[in-house]
Amino acid sequence: MKCSERLQAVARWVPAGATVADIGADHAHLLIHLVLRERIKKGVAGELNKGPYENARSQVERSGLSDRIEVRRGDGLSVLKEGEADVIVIAGMGGALIASILDRGRKKLSGVRRLVLQPNTGGERVRQWLRQNGWVPVGESLVEEGGTLYEIIAAERGEDEALYRQPPATEEQLLLLGPLLWKEKHPLLTKRWLQELAARERILDRVRAGRTEEAARRAAQLEQEIAQWRRLRKWLFEENP
């Protein structure tokens, strides 16, 4: 079984010897990868829909790991008993959905020492949830697979507001880019910055075509945002200290 580059990057943030719940486990490739390498004690694969649930169960059985990985069907963290998992992984979903799963299942976070989260989009929604609920990023990474950039956020309980005070980036920009990715000047961060800048420039082009006062106000707002994003260029392209 081949584990994708994205899932291997997620796996690097799972502490050795943990009991891991993978919520939205799909084919359970991540847990199988971790167990075969003797990285974790036990895994729980959670899936809501029948097809992915059966896929995960079939993969675990074919791998001969049914005694180490339990596949359960249910919504979000409802598949877990309180205090059952040391680490919770939620990967391959939108950030808003990840935040919703965590919020609805917050009672199941008792005893969890690390969250490993990989939002496909909306990473800022995940970071906002973490800040509001007493979790702080302890590691972030970017991985490129099939021409797409994926971000991984590992978080533990605590607070560190200084993470979001790193000029010349604004708090809003750090929520989008990742405060640790920024602090460590990750090699793929420049590409991520270019994507954010280009997205705003495309929206501005469309808005400028409008003739209303609202379109003019929105265009002015976007021009300010783009100017803020362009100010990051010098820092990003400087040599690392």
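Here the options are Arg165, Arg127, Arg131, the test is salt bridge (charged side-chain N to carboxylate O under 4.0 Å, His left out), and the partner is Glu171; only Arg131 passes.
Of all the heavy atoms in Lys108 and Lys81, the pair that sits closest is CD-C, 4.3 Å. Looking at every heavy atom in both residues, Gly46 comes nearest to Val79 through CA-CG2, 4.2 Å. Arg106 approaches Asn133 most closely through the heavy-atom pair NH1-OD1, 2.7 Å.
A distance of 10.0 Å separates CG in Leu222 from CG in Asp205, rounded to the nearest 0.5 Å. The CD atom of Gln195 sits 9.5 Å away from the CG atom of Leu188 when rounded to the nearest 0.5 Å. Rounded to the nearest 0.5 Å, atoms CG (Asn120) and CE (Met93) are 9.5 Å apart.
For CD of Glu223, the number of neighbouring non-hydrogen atoms (other residues, nucleotides, ligands) closer than 6.0 Å is greater than 12. Residue Arg125 places its CZ atom among 12 or fewer non-hydrogen atoms of other residues, nucleotides or ligands, all under 6.0 Å distant.
Side chain of Gln166 to backbone of Pro179: a donor-acceptor contact under 3.5 angstrom is found. Remark: the backbone N or O of Glu47 is not paired with any side-chain donor or acceptor of Arg73 at under 3.5 angstrom.
Looking only at side-chain heavy atoms (C-beta outward), Gln8 and Val143 stay at 4.5 Å or farther from each other. Within the 4.5 Å cutoff, the side chain of Trp135 has no heavy atoms near those of the Leu117 side chain. Contact annotation: the side chain of Ile88 approaches that of Leu80 to within less than 4.5 Å [non-hydrogen atoms, C-beta and beyond].
Ring orientation note: the planes of Trp182 and Trp235 are close to parallel, at an angle under 30° on the 30°/60° scale.
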Next item on the list: Test Glu38 against Arg68 for salt bridge (charged side-chain N to carboxylate O under 4.0 Å, His left out), laying out the working first.
Entry: CA-CA 11 Å; Glu38 294 296 334; Arg68 301 279 299 278; 3.7 Å; yes
Next item on the list: Mind running salt bridge (charged side-chain N to carboxylate O under 4.0 Å, His left out) on Lys183 and Glu140 for me, showing each step along the way?
Entry: CA-CA 10 Å; Lys183 184 178 181 180; Glu140 293 180 322; over 6 Å; no
Donor-acceptor pairs are to be reported for all side-chain atoms of residues 12-25 against protein atoms at under 3.5 Å, with residues two or more places apart or in another chain.
| residue | atom | partner | partner atom | Å |
| --- | --- | --- | --- | --- |
| Trp13 | NE1 | Ser141 | OG | 3.0 |

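Side-chain N/O atoms of Gln228 and Arg231 include no donor and acceptor closer than 3.5 Å.
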